[in-house]
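Below: the structure, in structure tokens.
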Amino acid sequence: MRILLVEDEEKVARFVSVGLKAERFAIDHAPDGKTGLLFARMNSYDLLVVDLMLPDMSGTEVIAKVRRSNEQVPIIVLTARDAIDDKVRNFEAGADDYLTKPFAFAELLVRIKALMRRGPVNRSNVLKIADLEIDRVSHQVTRGGISIKLTSKEYGLLEYLAASAGRVLSRTMIIEHVWDQSFEGFTNIVDVYIRQLRTKIDEPFDKKLIHTVRSVGYSLNEEEP
Amino acid sequence: MNIRSIRFRLIVWYASLCLVLVFGFGTYSCWRLDHYLKLSLAQALEHRADRIGATLLANISKTGEAYVRDEIKTLYAPELNDRFVRVTRLDGRVIYVSGAPNNRSFDPEQVASANLHLETAATNEEKLSGGTKLLIASLPFAVNGQKYVVEVGSAEDGLDRVLNGFVATLLFSLPILGIVGVIGGYGLIEQALDPVKKIITTAREITPKDLSKRLPVVDTGDAIEDLSKTLNQMIARLEESFQASNRFTSDASHELRTPLTIIRGELDTLLLDPHLTDSMRATLESLQEESERLGKIVEGLLSLSRLDAGAGQMECVRFDLAELVATTAEQMCLLAEDKKISVKLQTSQPVFVEGDKSRLKQVVVNLLDNGIKYAAEGGKVEVSVTAQQDYALFEVTDNGPGIRAEALPYVFDRFYRAVEMRGEGIEGAGLGLPIVKAICTAHGGTVIASSIQGSGCRLTVKLPLSRKKVDVRLI
């Protein structure tokens with residue numbers, strides 16, 4: 001797996017590269033937009049990580065130019081700006097995800113993995129993980145044939161975990177999907193809801209499906225991640 | 001009609017000035033007219049007396065008194081002309097006196113005897129009983145050593161009739177002039193206020209979101225031109241300072257976040273090393289926690305500085321605050337349940353406000369979180385949204401330890417946390433309430449904290465109610 005990192009802050013680039021190399025990714029680093037575009041044209045990458053404040057051109061411009069020739073490659077934006085307008089502009093330019101500095105490396109890693117495995121997103125009406133079944137139309141949840149009653153928030157959380165089954169989801173990603181940006185910084189709300197969900201989904205059964213990933217977040221899976 | 005408005009005051013001034021001028025001019029004209037009429041009457045009378053003296057008395061020694069009497073009657077017919085004529089000799093003998101006039105305006109019997117010591121011509125006003133005034137011109141004549149006084153008079157009621165007519169005309173024209181004054185004043189003021197109205201129309205279009213527009217400068221060379229120029233300079237300064245503070249917030253975000261990213265990133269990578277000793281790992285994790293806390297403080301300060309800088313650059317939509325509070329409370333209820341705290345929600349009807357929904361949601365989240373944090377274990381948090389007069393009232397009451405009275409004024413200060421709240425394992429950077437206050441202020445609202453120590457704390461948010469009946473965006 002080969003990743004292109006377009007980032008002008010040398011130190012940020014260094015720890016991201018070191019961290020990703022440790023995760024067995026191949027990393028190319030471009031210190032400015034021009035080099036970034038050149039690399040993107042010369043090589044084929046599985047993912048791009050682009051900083052928005054570059055010395056020669058804006059990251060948004062880089063994304064828009066890359067998108068013109070390559071519609072598939074996933075792009076993650078790194079930025080110190082977090083105005084809603086900025087986010088909208090970059091998603092319109094073709095970014096797939098958005099990470100505000102300062103970020104935890106684990107968060108970046110989870111998002112990279114989520115994007116790379118994006119492939120077949122489960123869109124079927126019934127989600128099945130082991131003996132857990134979730135009907136997305138009627139919002140009915142059963143495990144081992146036993147019907148489980150969930151509140152709307154618990155259901156939203158479970159559906160998000162189940163639709164991305166097997167992937168690690170960070171608390172921030174869960175907040176973004178199940179709550180909204182007003183709750184950013186309230187990551188303990190995720191822990192509380194997960195605990196509640198576990199008492200209903202996992203505790204009455206032998207096999208545990210919801211797994212905690214230390215210092216990152218949670219994952220719903222038959223096996224431990 | 002607004003009696004404080006410049007328009008009303010100017011019209012009143014203008015109309016009063018018209019009336020005062022007309023009144024003053026009228027009084028002066030009356031006085032002058034009276035004077036002139038009396039003067040010309042006196043001259044006419046004097047002239048007649050002179051004619052009698054010069055033509056008839058000059059030859060009295062030849063013609064005799066009877067002739068003079070007849071001639072006066074024939075030539076001047078004083079009774080027919082409503083005149084008074086009397087010729088008196090120096091020894092007091094009255095040679096001729098006219099009879100009662102045709103119109104009975106005076107009684108000649110009542111006129112006092114002539115002043116026989118008269119040296120030169122004189123005019124005097126004789127008041128008769130019954131209020132009649134008689135203007136009499138007296139002329140002394142010396143003929144062949146004999147001295148006579150000729151008096152010719154006329155009642156003044158003719159003059160009074162002319163004067164009364166003039167005054168009546170004036171009084172009749174006063175209200176008309178007053179109305180003309182009001183209409184004229186209104187027109188003038190409308191014309192004078194026209195450039196001001198143009199300035200107002202353009203000024204309304206200038207919002208903090210778009211400060212690039214300027215007011216029209218009316219080329220009048222006076223205060224109005226000065227006003228538009230001065231306002232334009234002010235808008236330019238505002239635009240500049242808005243841009244500067246926006247640039248500052250943007251630069252500060254970048255400058256503060258980049259080193260934080262590096263610190264966190266380096267710590268994260270270090271922690272990946274499997275050869276770390278336990279104590280090193282503990283130290284690194286502590287550093288990581290602190291850098292996260294620093295990150296939260298930076299985020300809080302940046303949102304405050306954005307609110308300070310661009311309070312007006314917010315979204316403005318009409319929405320139901322009661323509904324927002326209800327859904328947010330639902331999203332957070334497990335946090336409360338986790339502490340065995342019950343959240344009681346009291347909303348009965350929609351309460352519409354206008355503003356930035358996501359920012360006001362931040363207010364709701366922060367206050368609910370605050371209430372849940374400080375409520376006693378197993379206690380309760382009461383939440384209510386009501387409409388009162390022209391504002392919406394959102395209250396969050398917890399039954400926690402409350403806040404000391406001395407601390408109340410400071411709870412909205414940045415980084416202030418009541419001493420008793422520290423060290424109880426309650427997280428927070430001391431920026432939650434300041435952010436709430438900044439958002440409320442930006443929406444033209446207020447937030448106050450009240451407390452009974454030991455039995456709870458209440459935070460009350462007041463926001464202006466939406467004045468729009470229907471949201472145009474929904475149509």
Side-chain angles (χ1 to χ4, degrees), chain A residues 7-23 51-53 78-86 99-109 151-154 156-157 175 178-197 214-216, chain B residues 246 249-273 285 288 291-292 294-296 298-300 302-303 306 310 313 315 324 327-328 330-339 356-366 369 427 429 432:
Chain A
E7 165 68 78
D8 63 322
E9 287 290 338
E10 218 172 286
K11 287 183 172 181
V12 176
R14 200 185 63 205
F15 81 74
V16 170
S17 304
V18 169
L20 289 177
K21 273 175 193 158
E23 290 288 321
D51 180 50
L52 283 190
M53 276 200 187
L78 288 184
T79 179
R81 287 192 220 139
D82 63 351
I84 304 284
D85 291 356
D86 281 327
L99 202 53
T100 313
K101 289 179 181 175
F103 55 88
F105 177 74
E107 181 78 36
L108 175 66
L109 191 63
T151 66
S152 63
K153 220 39 349 173
E154 289 161 358
L157 177 60
I175 289 269
V178 185
W179 281 266
D180 57 64
Q181 52 152 5
S182 315
F183 288 92
E184 268 174 27
F186 281 84
T187 42
N188 65 324
I189 206 169
V190 177
D191 299 334
V192 172
Y193 272 82
I194 289 281
R195 195 153 68 235
Q196 186 75 11
L197 202 55
R214 213 177 106 74
S215 78
V216 180
Chain B
N246 277 342
T249 322
S250 166
D251 291 350
S253 321
H254 186 252
E255 296 306 323
L256 290 169
R257 281 172 174 156
T258 305
L260 269 172
T261 314
I262 296 165
I263 293 170
R264 278 178 87 170
E266 302 282 19
L267 285 172
D268 284 351
T269 353
L270 267 181
L271 278 163
L272 289 176
D273 187 348
E285 279 172 354
Q288 209 176 22
S291 78
E292 255 169 58
L294 190 58
K296 275 185 188 164
V298 166
E299 289 315 307
L302 287 175
S303 359
R306 261 195 299 274
Q313 298 172 312
E315 292 289 308
L324 179 76
T327 48
T328 313
E330 198 251 306
Q331 285 176 327
M332 296 181 77
C333 67
L334 262 194
L335 274 185
E337 270 176 40
D338 198 43
K339 279 186 73 186
D356 189 318
K357 198 173 174 182
S358 65
R359 284 206 163 110
L360 284 170
K361 177 156 186 179
Q362 192 70 59
V363 168
V364 179
V365 168
N366 283 9
D369 180 58
E427 255 184 66

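All of these numbers come straight from a predicted model, not from anything done at the bench. Within every chain, numbering begins at 1; the chains are lettered A, B, ... in the order of the sequence lines, protein sequences first and strands thereafter.
By the ring pair (Phe, Tyr, Trp, His ring centres under 6.0 Å) test, A:F105 is found to be paired with no residue, residues two or more places apart in sequence or in another chain being considered. With sequence neighbours left out, the salt bridge (charged side-chain N to carboxylate O under 4.0 Å, His left out) criterion links B:D268 to no other residue.
When B:I262, B:T269, B:L260 are compared by the number of non-hydrogen pairs under 4.5 Å with chain A, B:I262 comes out ahead. When the candidates A:I189, A:D191, A:V18 are compared by the number of heavy-atom contacts under 4.5 Å with chain B, A:I189 comes out ahead.
In summary, the side chains of B:K361 and B:Q331 do present a donor paired with an acceptor at a separation below 3.5 Å, with no hydrogens or angles considered.
Sparse packing is recorded around NZ of A:K11, with 12 or fewer heavy atoms of other residues, nucleotides or ligands lying under 6.0 Å away.
Residue contact with chain A, scored on non-hydrogen atoms closer than 4.5 Å, involves the side chain of B:E285 exclusively.
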